[in-house]
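Everything quoted here is computed from the prediction, not taken from an experiment.
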Amino acid sequence: MNKEFIQAISDLEKEKQISKDVLIEAIESALVSAYKKNYGTSQNVRVNIDRETGDIDVFMRMEIVEDEDFYDDMTQITIEEAREIDYRYEVGDAVEYQVTPRDFGRIAAQTAKQVVVQRIREAERGMIFDTFITRQGEIMTGQLQRISNDTMFVSIGRTEGILAGTEQVPGETYKIN
C-alpha cells in the first residue's frame, strides 16, 4: 500500500503541478484533523509521513507534570509514569509516543478527504495567482468560453478570465471559441 501511496502522490504532483512536500503536509494535517474528530479530543497529535517509503506514524505528545498538578489524562502524564518510560524525564518536558489509530470512522475519513481537497485547491489558486499577478495590465489572448449578458468568460490557460462589458471594444462582435 505504501508504494501505491507514494506513486499516487507523485501522480498528483505531476497532474496538479503542486510540490510533493505541499501534498504530504496537506495529508499530514488532514490525518491530524481526522484523528481529533474521530477521538473527540484536543490532544497534541503529530503525524509524520516518510517521503520515501510512505510509512505513516501518528505521535501523541503529553506534558509531564507533578502528581498534584495532574488534571487531564489526555494531555498530561505524571512524573512517575514518565520516569517509567525513561528515568531522565523532568517536570515540564514532553513525552511523545506513537499511537496507532485502529479504526477511522467514515466521518473522520471524510474530514481528512475534505482537508486534502481544500489544501490542493488553495495550492492551485496560489500558483495561478502567482502566474497572473505579474501579468497585470498586459494584453492577453484567450478563447471565449461563454457569454452572460454583456460579460464574457475567456479561457486563458489553466484558469478563466472575465471580460466585463465596460472593458470590451464598442461595436465588436464576439463568437464562442
Side-chain angles (χ1 to χ4, degrees), residues 1-61 96 99-101 103-177:
M1 185 263 343
N2 292 343
K3 289 180 185 178
E4 294 167 356
F5 175 68
I6 292 298
Q7 183 61 45
I9 295 288
S10 297
D11 293 346
L12 200 54
E13 177 184 27
K14 290 173 190 163
E15 178 186 331
K16 301 285 187 179
Q17 296 167 351
I18 300 171
S19 78
K20 192 174 190 178
D21 290 333
V22 170
L23 292 170
I24 288 179
E25 286 172 17
I27 293 168
E28 287 174 346
S29 68
L31 290 173
V32 167
S33 296
Y35 184 91
K36 288 181 178 181
K37 185 146 197 147
N38 199 52
Y39 293 100
T41 180
S42 60
Q43 291 173 321
N44 296 324
V45 178
R46 180 176 66 87
V47 174
N48 184 40
I49 299 176
D50 188 304
R51 269 100 168 127
E52 301 301 319
T53 64
D55 292 336
I56 300 172
D57 298 316
V58 181
F59 297 97
M60 186 185 330
R61 185 182 182 97
E96 191 172 75
V99 292
T100 307
D103 54 339
F104 268 4
R106 180 185 57 80
I107 294 172
Q110 187 66 26
T111 300
K113 178 185 170 194
Q114 288 171 346
V115 171
V116 169
V117 168
Q118 179 183 358
R119 288 285 179 92
I120 289 172
R121 283 188 188 136
E122 287 171 3
E124 283 180 312
R125 255 187 244 121
M127 288 172 41
I128 291 170
F129 179 80
D130 291 344
T131 301
F132 288 103
I133 191 67
T134 59
R135 300 184 73 182
Q136 193 170 7
E138 285 184 27
I139 296 175
M140 300 179 67
T141 57
Q143 186 173 30
L144 183 60
Q145 295 295 314
R146 66 182 198 262
I147 301 172
S148 175
N149 296 331
D150 63 340
T151 304
M152 289 189 262
F153 297 88
V154 182
S155 174
I156 48 175
R158 291 180 12 206
T159 192
E160 192 173 69
I162 298 172
L163 189 60
T166 58
E167 297 175 358
Q168 298 170 20
V169 177
E172 282 200 2
T173 57
Y174 302 94
K175 294 180 186 172
I176 294 182
N177 292 327

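- Taking CD1 of Ile56 as the start and CG of Asn48 as the end, the distance is 10.0 Å to the nearest 0.5 Å.
- Crowding of Glu138 atom CD: a count of heavy atoms from other residues, nucleotides or ligands under 6.0 Å exceeding 12.
- Put simply, OH on Tyr174 and CD1 on Ile147 are 9.5 Å apart, with the number rounded to the nearest 0.5 Å.
- For the pair Glu28 and Arg51, the salt-bridge criterion is met [side-chain N within less than 4.0 Å of a carboxylate O].
- Pairing each heavy atom of Ile156 with each of Met140, the nearest pair is CD1-CE, 4.3 Å.
- Within the 4.5 Å cutoff, no side-chain heavy atoms of Val45 are placed close to those of Phe59.
- Residues Lys20 and Ile9 come closest through the heavy atom pair CG-CG2, 3.6 Å.
- Formation of a donor-acceptor pair under 3.5 Å by the Gln145 side chain with backbone atoms of Glu160 is not found in this model.
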Side-chain donor-acceptor pairs of residues 117-131 under 3.5 Å, sequence neighbours excluded:
| residue | atom | partner | partner atom | Å |
| --- | --- | --- | --- | --- |
| Gln118 | NE2 | Glu122 | OE2 | 3.2 |
| Arg119 | NH1 | Ser29 | OG | 3.3 |
| Glu124 | OE2 | Lys16 | NZ | 3.4 |
| Thr131 | OG1 | Met127 | O | 2.9 |

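- The two residues Gln143 and Asn177 have their closest heavy-atom pair at NE2-OD1, 3.5 Å.
- To the nearest 0.5 Å, atoms CD (Gln7) and CG (Asp11) are separated by 4.5 Å.
- For Ile162, the side chain to side chain contact (heavy atoms under 4.5 Å, CB included) partners are Thr151, Phe153, not counting sequence neighbours.
- Expressed to the nearest 0.5 Å, how far CD of Glu13 lies from CD1 of Ile18 amounts to 9.5 Å.
- Using modelled atom types, one finds no donor on one side chain facing an acceptor on the other under 3.5 Å when comparing Asp21 with Ser19.
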For a side chain to side chain contact (heavy atoms under 4.5 Å, CB included) check, start with the C-alpha distance between Ile49 and Asp55, then their side-chain angles and the critical distance, and finish with the verdict.
CA-CA 6 Å; Ile49 299 176; Asp55 292 336; over 6 Å; no
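- Within a 6.0 Å radius of CD in Gln136, other residues, nucleotides and ligands contribute 12 heavy atoms or fewer.
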Next item on the list: Report the C-alpha distance between Arg46 and Glu96 in whole Å, list the side-chain angles of each, state the deciding distance to 0.1 Å, and finish with yes or no for side chain to side chain contact (heavy atoms under 4.5 Å, CB included).
Entry: CA-CA 9 Å; Arg46 180 176 66 87; Glu96 191 172 75; 2.7 Å; yes
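- Considering all non-hydrogen atoms of both residues, Val116 and Ala30 come closest at CG2-CB, 3.5 Å.
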